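Model, not experiment: these values are computed from the prediction.
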2 protein chains.
Amino acid sequence: MTARRRGKAPSQADVARLAGVSQSAVSRVISGNAATARIPEETRQRVFEAVRELGYVANPAARAMRKQRNNLLGVHTFERVFPHAHEDFYFAFLLGIEERAEETGFDLVLFTSTGPGRGGGGERGERKIYKDGTNRLNLADGSILLGVSTDRGELARLWYEGYPFVHIGRREVPGAEIPQIIPDYRTASARIVERLAELGHRRLGYVREWMEMEPYEDRRTGYAEAVGRLGLTDTSPGFHGTHGIESAWLDEVARGAVTAIVVESVRLAESLREQLAARGRKIPDDVSVAVLEAAPADLSGQWDSLVIPRTEIGRIAVDRLQTMLDDPDQRTGSLFVPCPLIPGTTVTAVRE
Amino acid sequence: MTARRRGKAPSQADVARLAGVSQSAVSRVISGNAATARIPEETRQRVFEAVRELGYVANPAARAMRKQRNNLLGVHTFERVFPHAHEDFYFAFLLGIEERAEETGFDLVLFTSTGPGRGGGGERGERKIYKDGTNRLNLADGSILLGVSTDRGELARLWYEGYPFVHIGRREVPGAEIPQIIPDYRTASARIVERLAELGHRRLGYVREWMEMEPYEDRRTGYAEAVGRLGLTDTSPGFHGTHGIESAWLDEVARGAVTAIVVESVRLAESLREQLAARGRKIPDDVSVAVLEAAPADLSGQWDSLVIPRTEIGRIAVDRLQTMLDDPDQRTGSLFVPCPLIPGTTVTAVRE
DNA sequence: AGGAGGTGCTCATACGTATGAGCGCTGATG
DNA sequence: CATCAGCGCTCATACGTATGAGCACCTCCT
């Protein structure tokens, strides 16, 4: 390696000078579009020689400006990644995203500058896509949005501007058809009901969380549909709005009014177990219970439940995004990803 | 928002047209260097109006090309981040990096494209900085290097080319003075020895890992120095080269030849505990033991040990890098970060 | 009246890369 | 010998932004 302009990285022009060719020749050699190149081996060697000598490496900014690609995939999380990664929330998604990005030769940008930063925004650390008129996202060719987006307006604008992105998880935005990749809770819930039916259960119950977010809606419709389709009976007081678990209903369950219960979260399932125990009833001996949620850590509980294929979803998100990048017109719609059921010890055949 | 050129993001030129000014005026308004701007409020408003109307947002590639800054900080790990994050290795570092990046308004690039990717490289998933002549790192203004770099040559080249980076952890490269940020194992080890001395211990032992890496060297010199300085006695067979823990030496320990032992890892400490137990000796009743390593998970063991302030180190790395960016000539040297000792239940005053 | 100094912009250019168009040359073909 | 294809390049330009230089106009002062 020899002389280099002080403080400046060498450019193709420098290489060209050294190799005794034009800058455009250098460009052709390096980003060798062999089809249109028409540069003989000997010249190529001279150029590579000069490249080595100067330690030339392409300027990504210039390259990005010329082509319309960076090979950068953005990851926007609406909160900080790592504290949550620790709690395994974003973690598995990121795992899949990273894997797939590596496999396809992309780098990842974590948009941290969009946070409240110095002085701006609230303590909670919520991140905005648009911040004082600057959308940092378009630094990347496209982005994956992850987490709970509080501001539907931002999503709408992003979509309107034609920026390529996919949203992990369900988020309906009126007037915008944002590409989402969604765990198929609906089918999974239905399958759980089908399985209970196969095991002879006819009278089911459903215990819901208090939240009204889209993902829960899906579970609820899946359950309701399957119950209807299979001609089963649903006797859930909570199904139409109650928050806690009504003790009157629990008494009925204890009396045998219901043989299987579908529950929206492990938290509620644990509570259910206690309350039934207080009434002298055991799971699964007296009542079968399946859970419609599974954080990885919950596996220890041995609940029969569905599993959200987080890593897989991360990988899929990357692929989807790449499809969109390759063909910008193709606005791919939403994609549902099957959620496998994992067997536990809380569901058995009905005994009567 | 109205007409926009099909498939193209609006540029300053478009805004200028709409506002009836020149492109350079737009640039001055937007990246308002108030000092040289000389644009009256009325015009500014017209421009902002046009910006809003078109939904203009700056093109980061062009901007990056013009200024020499992206506000992008690279994070290069020599292996995949997330599988390890899970084991809490990279995790705490990244936590600090992310925090500090957010606070200072930088985005983070995770260099994933540098991995073996499609077809290239080994199964192990090792990542290279230089890959077919392209150094992706310079996509970012500067980078933090994290983990075990196998290839010193890459570091040397990176340094030679004047790219701003800091290396977390110690890595000596002949001929290159790479800026490192290093847990101060040496002082910490010395402090542990001092503490043992204060507690009345005079005859110490040291049990070493088999590895010969720089970080262990630091621990060893710190220990040796302190022992010398305080006039203590060291009777460690392993100190000059043995791998396992010699049973002859353990017998001596059991006979009371040594009252306190410093160990390089929790793994070895656990083993030590067992072997002493087999000889009827207990920690700390008969022998005090301190550990020179602490993965977060190890805290459960209640060993007296040092703690590596990983999050803090991540934050410091970001700040260091920024200093280098602000003043490119200033090649900051290495920085040692103090490692606090955390008290456990395995060290007590000597009893005799 | 004439100059000085300030205001409100515009002009031109540079950053580094990629690429369509084109130019001069050589060798083959009719 | 004229023509023509193909080779091995070079020229020129565009991408979008930032910025030093400078121009036209106005106001104020002497």
Side-chain angles (χ1 to χ4, degrees), chain A residues 4-5 7-47 50-51 54-71 133-136 138-139 141, chain B residues 4-5 7-47 50-51 54-71 133-136 138-139 141:
Chain A
R4 33 174 50 234
R5 289 177 292 164
K8 297 284 287 174
S11 71
Q12 288 186 354
D14 298 323
V15 174
R17 236 171 336 258
L18 183 58
V21 294
S22 74
Q23 174 267 325
S24 65
V26 173
S27 173
R28 284 178 214 278
V29 168
I30 288 173
S31 330
N33 187 334
T36 57
R38 297 198 310 197
I39 310 266
E41 195 50 28
E42 191 215 357
T43 309
R44 300 172 60 85
Q45 287 314 320
R46 273 214 324 284
V47 170
V51 164
L54 294 178
Y56 166 84
V57 352
N59 176 330
R63 197 166 254 188
M65 186 165 159
R66 183 58 229 242
K67 340 223 299 189
Q68 288 307 21
R69 296 280 287 264
N70 280 4
N71 273 278
T134 317
N135 168 10
R136 282 290 284 177
N138 63 5
L139 199 150
D141 296 337
Chain B
R4 32 174 52 235
R5 287 177 294 164
K8 296 284 286 173
S11 70
Q12 288 185 351
D14 298 323
V15 174
R17 229 161 352 247
L18 183 57
V21 292
S22 73
Q23 174 265 326
S24 65
V26 173
S27 173
R28 283 177 214 278
V29 168
I30 288 173
S31 332
N33 186 335
T36 57
R38 296 198 312 198
I39 309 265
E41 194 51 29
E42 190 215 359
T43 310
R44 300 171 60 84
Q45 289 313 322
R46 273 215 324 284
V47 169
V51 164
L54 295 178
Y56 166 83
V57 352
N59 176 330
R63 197 166 252 187
M65 185 166 161
R66 183 58 231 239
K67 340 225 294 192
Q68 288 305 23
R69 294 282 285 266
N70 279 7
N71 273 287
T134 316
N135 168 10
R136 282 290 282 178
N138 62 6
L139 198 147
D141 296 337

Would you say the side chain of B/Arg46 and the base of C/dG8 hold a donor-acceptor pair, judged only by whether the two atoms sit under 3.5 Å apart? no
Using atom CD1 of A/Ile30 as one end and atom P of C/dG16 as the other, report the distance to the nearest whole Å. 14 Å
Looking at C/dT10, does its base get a donor-acceptor pair with the side chain of B/Arg28 below 3.5 Å? yes
Looking at A/Ser31, I'd like to know whether one of its side-chain N or O atoms comes within less than 4.0 Å of OP1 or OP2 on C/dA18. yes
Test B/Val47 against every option in B/Leu18, B/Ile39, B/Val29 by the side-chain contact (heavy atoms from CB on, under 4.5 Å) rule and name the one that passes. B/Val29
Gap between atoms CG and P, on A/Asn70 and C/dT17 respectively (whole Å): 15 Å
Could you tell me the separation between the CD1 atom of A/Ile39 and the P atom of D/dT10, rounded to a whole number of Å? 7 Å
Please determine, for the side chain of B/Arg38, which listed nucleotide (C/dA18, C/dG8, C/dC15) has the closest atom? C/dG8
Is the side chain of A/Asn70 donor-acceptor paired with the backbone N or O of A/Leu139 at a distance under 3.5 Å, no angle test? yes
Contact class for A/Val21 vs. all strands (heavy atom < 4.0 Å): base, sugar-phosphate, or nothing? sugar-phosphate
Give a yes or no answer on whether the side chain of A/Asn135 reaches the backbone of B/Val57 with a donor-acceptor pair at less than 3.5 Å. no
A/Asp141 side chain to A/Asn71 main-chain N or O, any donor-acceptor pair under 3.5 Å? yes
Check the distance between D/dG16's P and B/Arg17's CZ and give it to me in whole angstrom. 11 Å
Under 4.0 Å from OP1 or OP2 of D/dG16: is there any side-chain N or O of B/Ser11 that close? no
Distance, rounded to the nearest Å, where B/Glu42 contributes CD and C/dT7 contributes P: 17 Å
Measure from the side chain of B/Arg66, starting at C-beta and using heavy atoms only, and say which of D/dC9, D/dT17, D/dC15 lies closest. D/dT17
Nearest-angstrom distance from the residue atom CD of B/Gln23 to P of D/dA18: 8 Å
Residue pair A/Tyr56 / A/Val26, side-chain heavy-atom distance below 4.5 Å: no
Taking atom types as they are modelled, is there a donor-acceptor pair under 3.5 Å from the base of D/dA18 to the side chain of B/Gln68? no
Look at the side chain of B/Gln12 against the base of D/dA18 and say whether a donor-acceptor pair falls under 3.5 Å; ignore hydrogens and angles. no
Here the distance between atom P of C/dT19 and atom NZ of A/Lys67, to the nearest Å, is 6 Å
Output the rounded distance in Å from CD (A/Glu41) to P (D/dG8). 11 Å
Within the supplied structure, the quantity of interest is the number of heavy atoms (other residues, nucleotides, ligands) at a distance under 6.0 Å from B/Glu41 CD; does it exceed 12? yes
Shortest side-chain distance from B/Ala62, nucleotide among C/dA18, C/dG16, D/dT17: D/dT17
What's the closest nucleotide to the B/Pro40 side chain, out of D/dA14, D/dT17, C/dG8? C/dG8
With a 3.5 Å cut-off and heavy atoms only, can you find an N or O donor on one side and an acceptor on the other between the side chain of B/Ser24 and the base of C/dC11? yes
So if I take every side-chain heavy atom of B/Arg63 and compare against C/dA18, D/dT17, C/dT10, which nucleotide ends up nearest? D/dT17
If you pin A/Ala25 and B/Thr43 to their nearest nucleotides in DNA chain C, which one's is more 5'? B/Thr43
